[in-house]
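Inspection log for the structure reproduced underneath, given as structure tokens.
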Amino acid sequence: MIIVEKGLLKSKPFLHIVKKDRQQQKLPLIIFTHGFTSAKEHNLHYAYLLAEKGFRVILPEAMYHGEREQGLTENALYKHFWEIVIKTIHELNDYKEYYVNEGLADQEKIGLAGTSMGGIVTLGAFTQYKWIKAAVSLMGMPAYEDYLHWQIEQMQNLGIGLSFTNEQIEEQLSLLRQYDLSHQPEKLKNRPLLFWHGKKDPVVPYTLTSQFYQSVKDFYEKKPENIHFITDEFADHKVSREGIKATVDWFEKHLLK
């Protein structure tokens, strides 16, 4: 039986999913982050499949989302996008520390994953944490600075003003630089990383992810099996069943064996 528990850590709500008969055991841990305007419950299907394989899974609630929402419109929320991403990266460590310290997570078997914004969080976390042992980015991308420029251009094309001065944009770029994996690919250190991305994605540009993958393949020369990119020729901003299954298989391969 798989159980789903509501939890609260440092006032942050999350869901904990695990096999009931393994609830008190030290297990491989996966932290799976949801996308922009989504909520933790929307990734329960991933968590269920992973828990079936023997993982302990945490689904955090991102700031201003789900139970933490503050009534912001989508446009108002969008202005906080990078604040949410960076805050979530830092909060990941709280979950890792708690479950490792409680003896419920194997610190040598910790994985990260996420969809869209959650994939962006996952890739940025590589710049901060050596404890990540394997990861999956679904519709995410690591080039924070390039994506910010793309976001601004999209808003201008749509006639939506972000009300940012050039100074504010430069300040934001400077902050993002330390989390931008495209400028620090050496921090991957051969750790297993799977990408899934649809070529027709209008929200997170496929090219930003694909270009990064092509640029880092040489870093995995000694362990080519540790990096893989799945392209869906027809998908837009929605993960296919193949992508869901590939996520589970990736963690089973790299964290359970």
Side-chain angles (χ1 to χ4, degrees), residues 29-33 35-36 60 62-63 80-97 107-153 168-197 201 203-231 247 250-251 254-255:
L29 174 70
I30 294 174
I31 307 172
F32 197 113
T33 306
F36 184 67
M63 182 171 64
H80 293 280
F81 179 84
W82 290 109
E83 178 190 358
I84 297 165
V85 166
I86 292 170
K87 179 73 169 173
T88 305
I89 288 173
H90 288 282
E91 290 177 352
L92 293 174
N93 199 56
D94 292 335
Y95 296 104
K96 173 259 179 187
E97 288 289 306
Q107 63 182 349
E108 297 303 317
K109 296 183 177 181
I110 299 177
L112 294 185
T115 53
S116 191
M117 181 183 76
I120 293 170
V121 165
T122 295
L123 294 166
F126 269 104
T127 68
Q128 306 298 307
Y129 303 126
K130 294 179 180 178
W131 50 256
I132 302 168
K133 302 303 178 184
V136 177
S137 168
L138 303 156
M139 309 181 297
M141 64 85 237
Y144 282 27
E145 291 182 78
D146 289 343
Y147 190 49
L148 176 60
H149 286 300
W150 182 86
Q151 288 175 312
I152 293 170
E153 185 179 325
Q168 288 173 320
I169 292 170
E170 285 304 316
E171 186 178 334
Q172 182 76 87
L173 287 169
S174 177
L175 176 62
L176 294 182
R177 205 157 285 136
Q178 60 189 300
Y179 302 95
D180 190 323
L181 186 60
S182 70
H183 293 315
Q184 309 166 69
E186 69 281 356
K187 290 192 174 179
L188 286 169
K189 296 188 182 299
N190 285 311
R191 288 179 284 180
L193 175 57
L194 171 68
F195 295 94
W196 183 97
H197 214 129
D201 191 335
V203 180
V204 181
Y206 169 86
T207 53
L208 289 180
T209 316
S210 177
Q211 287 168 2
F212 175 76
Y213 169 71
Q214 294 298 331
S215 73
V216 299
K217 281 197 298 184
D218 287 348
F219 285 84
Y220 285 83
E221 188 177 6
K222 293 182 179 178
K223 290 190 175 181
E225 71 280 5
N226 278 7
I227 192 163
H228 187 53
F229 193 112
I230 299 174
T231 295
T247 299
W250 188 259
F251 284 124
H254 293 285
L255 288 185

Quiz item: Counting heavy atoms not belonging to Glu186, are there more than 12 under 6.0 Å from its CD?
Solution: yes
Exercise. Please lay out, stage by stage, how Trp131 and Glu97 fare under the test side chain to side chain donor-acceptor pair (under 3.5 Å).
Key: CA-CA 10 Å; Trp131 50 256; Glu97 288 289 306; 5.6 Å; no
Self-check item: Reported CG-to-CH2 distance for the pair Asn226 and Trp250, which is rounded to 0.5 angstrom
Solution: 6.0 Å
Quiz item: Are there more than 12 heavy atoms of other residues, nucleotides or ligands under 6.0 Å from atom NZ of Lys187?
Solution: yes
Exercise. Report yes if some heavy atom in the side chain of Tyr147 is under 4.5 Å from a heavy atom in the side chain of Trp82; otherwise report no.
Key: yes
Exercise. Decide whether Tyr144 and Ser182 meet the rule of one side-chain donor and one side-chain acceptor closer than 3.5 Å.
Key: no
Quiz item: Side chains of Pro60 and Phe32: does their closest heavy-atom pair fall under 4.5 Å?
Solution: no
Exercise. Please tell me if the side chains of Leu29 and Lys109 come closer than 4.5 Å, counting only heavy atoms from C-beta onward.
Key: no
Quiz prompt | Close side-chain approach of Thr88 and Val85, heavy atoms under 4.5 Å | solution = no
Quiz item: Which is it for Glu153 and Gln151 under the side-chain contact (heavy atoms from CB on, under 4.5 Å) test, yes or no, and what are the steps along the way?
Solution: CA-CA 5 Å; Glu153 185 179 325; Gln151 288 175 312; over 6 Å; no
Exercise. Give the C-alpha distance, both sets of side-chain angles, the deciding distance and a yes or no for side-chain contact (heavy atoms from CB on, under 4.5 Å) between Ile152 and Ile169.
Key: CA-CA 9 Å; Ile152 293 170; Ile169 292 170; 3.8 Å; yes
Quiz item: Does any non-hydrogen side-chain atom of Thr122 lie less than 4.5 Å from one of Val136?
Solution: no
Self-check item: Closest heavy-atom pair and its distance - Leu138, Thr247
Solution: CD2-OG1, 3.5 Å
Quiz prompt | CG on Asn93 to OH on Tyr129, rounded to 0.5 Å | solution = 4.5 Å
Quiz prompt | Separation between CD of Glu91 and CD1 of Ile84, rounded to the nearest 0.5 Å | solution = 10.5 Å
Exercise. Write down the atom of Ser116, the atom of Gly35, and the distance for their closest heavy-atom approach.
Key: CB-CA, 4.3 Å
Quiz item: Which residue pairs satisfy the salt bridge (charged side-chain N to carboxylate O under 4.0 Å, His left out) criterion with at least one member in residues 133-145, sequence neighbours excluded?
Solution: Glu108-Lys133, Glu145-Arg177
Exercise. First locate atom CZ of Arg191, then atom CD1 of Ile227, and finally report the distance between them rounded to the nearest 0.5 Å.
Key: 12.0 Å
Self-check item: Nearest-0.5 Å distance, NE2 of residue His228 to NZ of residue Lys217
Solution: 11.0 Å
Self-check item: Pair Tyr206 and Phe229, ring centroids less than 6.0 Å apart
Solution: yes
Quiz prompt | Enclosure of Gln107 CD (heavy-atom neighbours >12, cutoff 6.0 Å) | solution = no
Self-check item: Within-4.5 Å side-chain heavy-atom neighbours: Ile120 and Phe81
Solution: yes
Quiz item: Leu193 versus Leu123: any side-chain heavy-atom pair under 4.5 Å?
Solution: yes
Self-check item: Other residues, nucleotides, ligands: >12 heavy atoms within 6.0 Å of Glu171 CD
Solution: no
Practice problem: Kindly indicate, with the supporting measurements, whether the criterion side-chain contact (heavy atoms from CB on, under 4.5 Å) is fulfilled by Ile30 and Leu112. | Solution: CA-CA 6 Å; Ile30 294 174; Leu112 294 185; over 6 Å; no
Quiz item: Atom CD of Gln128 and atom CD of Gln184: how far apart are they, to the nearest 0.5 Å?
Solution: 7.5 Å
Exercise. Please report the C-alpha distance between Leu188 and Phe219 in whole Å, then the side-chain angles of each, then the deciding distance to 0.1 Å, and finally whether the side-chain contact (heavy atoms from CB on, under 4.5 Å) criterion is met.
Key: CA-CA 8 Å; Leu188 286 169; Phe219 285 84; 5.7 Å; no
Quiz item: Ignoring hydrogens and geometry, is there a side-chain-to-backbone donor-acceptor pair from Ser137 to Ala113 under 3.5 Å?
Solution: no
Quiz item: Does some side-chain heavy atom of Ile230 sit less than 4.5 Å from a side-chain heavy atom of Phe195?
Solution: no
